[in-house]
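To start, the structure itself, in structure tokens.
Note that the structure is a prediction, hence the values are computed from the model and not measured. The sequence lines fix the lettering, A, B, ..., with proteins before strands; numbering per chain opens at 1.
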Amino acid sequence: MLSGIPLLPVQASTLAPQVDALYYFIVAVTAFFGILVAILVTAFALKYKDDTGLKVGAPITGSVPLEIGWSLIPFFVAVAIFAWSATIFFQYTRPPENTLEIYSTGKRWMWRFQHLDGQREINTLHVPVGRPVKITFTSEDVLHDLYIPAFRIKADAIPGRYSSIWFEATKTGEYHLFCAEYCGTRHSGMIGTVYVMEPNDYQAWLSNGGVTGGSMQARGEQLFQQLACTTCHLTDGKGRGPSLAGVFGSQVKLTSGQTVIADESYIRESILAPQTKLVDGYQPLMPTFQGLVNEDGVLSLIEYVKSLNGGAGAAQASAAPATAPAQGERR
Amino acid sequence: MAQQAEASTLGMWIFLVTEVMFFGGLFTAYLIYRIWYPEAWAEGSRELDIQLGAFNTAVLIGSSLTMALAVRAAQTNKQRATVGWLISTMVLGLVFLVVKFFEYKHKYDLGHIPGPNFHFEGVHASQVEIFLSLYFAMTGLHALHMLIGFGIMTAITIMAVRGRFSSEWSTPVELAGLYWHFVDIVWIFLFPLLYLVDRAGHFA
Amino acid sequence: MSTTAAAASPVTYLNEKTTVASWLLTKDHKRIGLMYMLTVTLAFVVGAVFAGLIRLELATPAGDLLSSDTYNRVFTAHGVAMVFFVLIPVVPAVLGNFVLPLMLGAKDVAFPKLNLLSWYVFILGMTVTFSAIVMGGVDTGWTFYPPFSTEGSDSNVMLAGVGIFITGFSSILTGLNFMVTIHRMRAPGLTWFRLPLFVWALYATSLIQVLGTPVVAITVLMVALERFAHLGFFDPRLGGDPVLFQHLFWFYSHPAVYIMILPPMGAISEVIACFSRKNIFGYSFVAFSSMAIAVFGFLVWAHHIFVAGISPYSAMVFSFLTYAVAVPSAVKTFNWTATLYRGAIWMRAPMIWVFGFLGLFLVGGLTGLFTASLGIDIHIHDTYFVVAHFHYIMVGGAIMGYFAGLHFWWPKMTGRMYNDTAAKTSAVLVFVGFNLTFFPQFILGYLGMPRRYHMYPPEFQVLNVMSTGGAAILAVGYLLPMIYLTYSFFKGEQAGSNPWMATGLEWTTQSPPLPHNFADQPVVTEGAYEYSKREMKVA
């Protein structure tokens with residue numbers, strides 16, 4: 001019966017084998033120390049057993065060399081594990097160039113995904129094998145957490161800021177997608193499936209995707225007109241609001257004297273709470289669009305703003321660090 | 001007796017450490033949002049009445065002085081002076097709370113109470129709401145400590161009237177004094193952080 | 001309430017006065033310790049019933065026993081009851097209260113009235129919190145993360161928050177009382193380095209209680225104010241930061257783990273030294289490791305939020321510090337092992353509980369190396385791996401340690417012996433049941449099963465069934481002591497003042513002790529564990 005139970009989830013991303021190798025290493029280290037102590041305790045307990053309770057032990061009070069030894073050895077072992085872990089962690093935080101961008105919004109109790117070409121799906125995610133994919137996501141209500149065990153990745157979806165994860169799938173198939181941060185009644189129902197497909201199948205899926213409303217960029221452009229953003233954000237820079245061409249990923253100087261990088265989180269904040277970080281030289285005239293545009297709409301708008309950078313801009317999409325964009329942005 | 005007094009004093013100091021940690025949570029929140037939203041903080045602090053704040057600061061520092069004099073009087077067997085200084089301390093504490101009440105009332109009249117009815121004309125309204133939330137939590141908690149201190153003072157004054165203290169034993173007065181000074185010191189931090197923050201210029 | 005049969009029996013703290021009022025108004029640390037024992041046991045039973053419900057529900061992948069809403073309320077109630085009303089008070093408030101003044105050669109703690117007050121505050125906090133659970137429950141998890149707790153949940157978050165806030169003061173007052181007691185009430189000759197290690201552990205624990213508890217109190221209060229008075233502290237719609245709550249919360253709640261584990265570690269040191277008939281190996285290293293854990297414990301909180309968007313560099317720092325705090329725990333384990341070497345090991349029941357503790361604490365501590373690892377934590381964070389890890393530490397370690405200490409001091413507390421075989425059987429059952437319950441959860445977690453899941457994919461069922469089966473054995477293991485210890489309290493054999501032939505001042509007075517502990521002021525002339533200088537004879 002037990003032979004049917006796997007000890008590891010499927011390894012379906014480039015990071016998975018690396019995480020598992022480290023896992024095996026720590027298993028070996030802990031097993032060594034665990035078994036060592038267990039053997040010593042058992043051996044001492046058997047060897048020095050005294051059923052009368054009337055004997056006394058040897059007058060040993062301690063040994064400084066031993067204490068130093070068994071402080072330093074675990075310390076160096078820990079440092080080794082730490083160093084190895086850190087190298088893997090940095091791969092998590094640094095996505096490669098030219099990732100395929102996918103956007104997502106977590107909401108009680110579903111995951112919505114949007115592809116650049118405009119396909120939308122709920123609780124399913126289609127991705128090609130062998131291509132790095134970056135998912136940028138946020139939450140519409142409470143905390144959630146996007147977790148795909150087969151890829152060994154996870155990050156919290158936090159309302160008010162963007163998180164991102166990246167992975168490169170190595171094996172076609174269907175994998176679990178979980179919400180891993182408790183979010184209320186149907187937390188355990190906030191699950192879905194990731195379909196990893198051959199590139200051709202993926203292309204076929206994209207073209208059959210039943211896109212309505214065009215690509216994200218097109219939808220964003222449409223929203224940009226609808227919400228009358230164009231009346232102030234003139235492309236020649238002479239409007240009441242700054243021109244947005246080339247803004248994405250650039251340094252922006254604020255009225256407070258601070259500078260921020262115009263990443264996804266900054267653009268989101270500027271749409272929903274425009275006065276918080278006002279661009280230097282402009283008046284606080286822009287109204288909030290909170291309630292007028294949902295998180296999916298904001299993502300489309302961001303995609304549109306990115307497209308205003310020209311061809312290079314869209315590729316340079318990951319100006320923000322992969323995790324914790326908000327941390328850097330808020331300072 | 002001496003042993004017991006020492007133990008009580010040590011206990012009081014440890015208690016004050018827990019109080020520091022207690023306010024520390026709010027100060028941490030204050031600090032982080034202050035760094036994130038310096039403009040909203042400046043805007044929010046301009047809403048507070050610096051004159052009333054300064055007046056209250058003077059009142060509290062005065063009450064610390066009368067408290068110290070009460071302790072001194074108790075230690076030197078001056079019963080009438082002890083009672084007198086304790087009552088002065090309580091009166092000053094009361095003045096502080098009354099002024100605070102009118103400050104709160106003013107905020108209420110303007111609709112500056114955070115929540116669904118929050119109303120604020122200004123560019124950073126939401127962040128000012130966080131500022132004012134922290135303002136009410138910090139000053140409210142401080143006022144609660146003042147009220148507790150008021151209760152303690154009442155008990156100590158009654159004991160003093162009954163002539164319970166002498167140069168041999170004045171521990172309760174000393175402990176109440178430590179507590180009172182602590183509450184003052186909290187205000188000494190709150191006043192500049194909440195009322196004067198706009199005068200500090202911007203964080204670079 | 002009288003426990004002694006013969007009228008000629010000496011006056012003890014148990015039979016001096018026996019009215020209900022004499023208990024409810026007592027200032028005697030020993031009686032307060034026993035009252036805590038009953039209260040904590042009650043909370044443990046409540047928490048255990050909820051645990052049973054969780055395990056029964058998870059025996060099948062579908063949610064067929066409880067509704068999702070009920071399940072969420074059940075695991076929250078389990079966490080709240082166990083963390084705040086069992087694990088945090090169990091060793092300091094029960095064993096600490098009872099033996100600390102005895103160990104110091106003092107008549108009582110420094111502030112006996114405050115001690116009684118802290119019990120009443122505890123009862124009040126527990127009543128408020130449990131009434132929140134009874135009146136519809138709370139569904140936020142014991143961690144109360146906003147914005148779910150502030151606006152997402154429609155359950156009694158407010159009331160539970162207030163209850164926990166109140167309970168925090170009980171913990172603060174106990175910590176304060178113990179610190180002053182240890183500073184001021186030591187018997188003549190009882191210098192710091194002659195103190196029993198249990199006292200060192202209590203001192204380190206008190207430090208955490210005094211410094212950490214106020215922070216969680218204010219944090220929970222902020223959540224309550226945000227919910228009730230609509231003040232905005234963490235609200236993302238105002239630009240507030242939900243992650244700030246997590247920082248404040250874990251600043252206390254990580255050190256709280258050490259409130260749970262340090263005192264049992266201290267009790268383990270006492271029992272190991274006594275039943276090995278030896279000095280504890282490396283006394284000063286064990287003592288300082290407690291202090292080191294208390295200090296480092298405050299520097300590692302952010303390892304709970306590696307996936308919550310903290311900057312990669314701060315994540316590195318916190319991961320490194322977390323590995324650093326592992327070292328003093330390792331040092332303790334090695335010292336306990338070395339203490340056994342060339343001892344004369346007397347296999348009585350408390351020692352069997354110690355072996356159980358060592359086994360479970362070892363697994364719990366070593367699996368901390370996985371969760372502290374940045375690379376692996378991303379995968380196992382918020383999965384059953386973490387659930388298994390903290391149960392090994394907090395239940396396997398802390399509760400095993402509590403039982404070791406309880407079985408050790410029981411003859412002193414009650415003046416009576418219990419059935420040694422029953423106690424050993426119970427220890428073995430707990431050890432086996434515990435491993436069967438929680439070891440499969442490590443595998444489940446690495447396979448990716450998230451925690452707080454009411455329903456789960458069917459491929460996880462086999463391991464979940466093993467876990468549920470283990471829980472049944474565990475339940476029997478925990479039930480047994482309630483039976484044989486109750487029997488012992490009324491009918492057990494008389495214990496004598498020092499049945500284990502142990503060192504330590506608590507064993508120099510009669511069992512159960514006099515109302516004021518010692519007939520004459522004890523004077524200390526040697527270290528805590530000078531067994532090898534002694535001549536053993538049955539007392």
Side-chain angles (χ1 to χ4, degrees), chain A residues 5 7 9 19 22-23 26 30 34 37 40-41 44-45 48-50 53-62 67 70-71 74-75 78 81-82 85-86 88-89 92-93 141-143 145 149 152 154-156 158-160 163 178 180-188 273 276 323-324 326-327, chain C residues 68-69 141 145 147-148 152 236 239 242 276-279 281-282 285 307-312 316 319-320 323 326-327 330-331 333-334 337 340-347 358 362 366 369-370 373-376 378-379 381-382 443 447-448 450 452-455 457 462-463 531-532 534 536:
Chain A
I5 305 175
L7 294 177
V19 174
L22 173 61
Y23 177 72
I26 308 182
T30 53
V37 172
L40 286 176
V41 168
F44 292 160
Y48 303 112
K49 200 156 106 77
D50 164 42
L54 296 177
K55 283 196 213 148
V56 293
I60 306 169
T61 54
E67 299 285 352
W70 62 45
S71 303
F75 180 74
I81 296 175
F82 168 77
S85 304
I88 292 181
F89 182 67
Y92 273 108
T93 59
D141 38 42
V142 301
L143 298 174
D145 187 299
R152 312 287 188 275
K154 166 189 295 145
D156 281 0
I158 301 163
S163 315
F178 293 126
E181 181 64 63
Y182 175 69
C183 57
T185 310
R186 293 191 46 231
H187 170 52
S188 68
T276 315
T323 61
Q327 197 73 10
Chain C
S68 290
D69 268 330
Y145 276 14
F148 183 69
S276 305
R277 306 301 195 205
K278 263 184 86 213
N279 264 299
F281 194 90
F285 289 89
V307 300
I310 64 169
S311 89
M316 299 257 301
S319 170
F320 187 81
Y323 280 114
V327 173
V331 166
T333 311
F334 290 130
T337 309
L340 298 172
Y341 174 67
R342 292 185 62 200
I345 300 167
W346 196 22
M347 292 286 184
L358 285 178
L362 202 58
L366 287 170
L369 297 180
F370 294 84
S373 154
L374 288 167
I376 292 179
I378 290 182
H379 176 52
H381 179 84
D382 263 331
I443 302 166
L447 283 173
R452 296 173 171 179
Y453 259 34
H454 174 222
M455 294 173 272
V462 177
L463 290 161
Y531 285 95
S532 40
R534 293 213 162 188
M536 289 295 166

*Side chain, backbone, both or neither: which part of A:Ile26 has a heavy atom under 4.5 Å from chain C?*
both
*Side chain / backbone / both / neither for A:Ala273 at chain C, heavy atoms under 4.5 Å*: neither
Would you name the heavy atoms of [X] and [Y] that are closest together and state the gap between them?
X	Y	result
C:Gly375	A:Ile88	CA-CG2, 4.0 Å
A:Ser71	C:Val331	OG-CG2, 3.4 Å
A:Pro159	C:Pro236	O-CB, 3.5 Å
C:Gly448	A:Phe178	O-CE1, 3.3 Å
C:Leu447	A:Pro9	CD2-N, 3.5 Å
C:Gly152	A:Val142	CA-CG1, 4.3 Å

*Does some side-chain heavy atom of A:Val37 sit less than 4.5 Å from a side-chain heavy atom of C:Phe334?*
yes
*Aromatic plane relationship, C:Phe281 with A:Trp70 - under 30° parallel, 30 to 60° tilted, over 60° perpendicular*: tilted
*How are the rings of C:Phe148 and A:Tyr182 set relative to one another: parallel (under 30°), tilted (30 to 60°) or perpendicular (over 60°)?*
perpendicular
Chain A heavy atoms under 4.5 Å from [X]: which part of the residue, side chain, backbone, both or neither?
X	value
C:Leu362	side chain
C:Ala308	both
C:Phe320	both

Rounded to the nearest 0.5 Å, what's the gap from [atom1] on [X] to [atom2] on [Y]? Could you check?
X	Y	atom1	atom2	answer
A:Phe89	C:Ser373	CZ	OG	10.0 Å
C:Ile378	A:Arg152	CD1	CZ	13.0 Å
C:Tyr341	A:Tyr48	OH	OH	5.0 Å
C:Leu340	A:Phe44	CG	CZ	7.0 Å
A:Ile60	C:Asn279	CD1	CG	9.5 Å

Given 3.5 Å as the limit, does a donor-acceptor pair link the side chain of [X] with the main chain of [Y], or not?
X	Y	value
A:Ser188	C:Met455	yes
A:Lys49	C:Ile345	no
A:Lys154	C:His381	yes
C:Arg277	A:Gly53	yes

Picking from [options], which has the most non-hydrogen pairs under 4.5 angstrom with chain C?
options	result
A:Glu181, A:Arg186, A:His187	A:His187
A:Thr30, A:Leu143, A:Ile158	A:Thr30
A:Ser85, A:Pro149, A:Gly184, A:Cys183	A:Ser85
A:Pro74, A:Ala86, A:Ala78	A:Ala78
A:Leu40, A:Asp145, A:Thr61	A:Thr61

*Picking from C:Trp346, C:Tyr531, C:Tyr453, which has the most non-hydrogen pairs under 4.5 angstrom with chain A?*
C:Tyr453
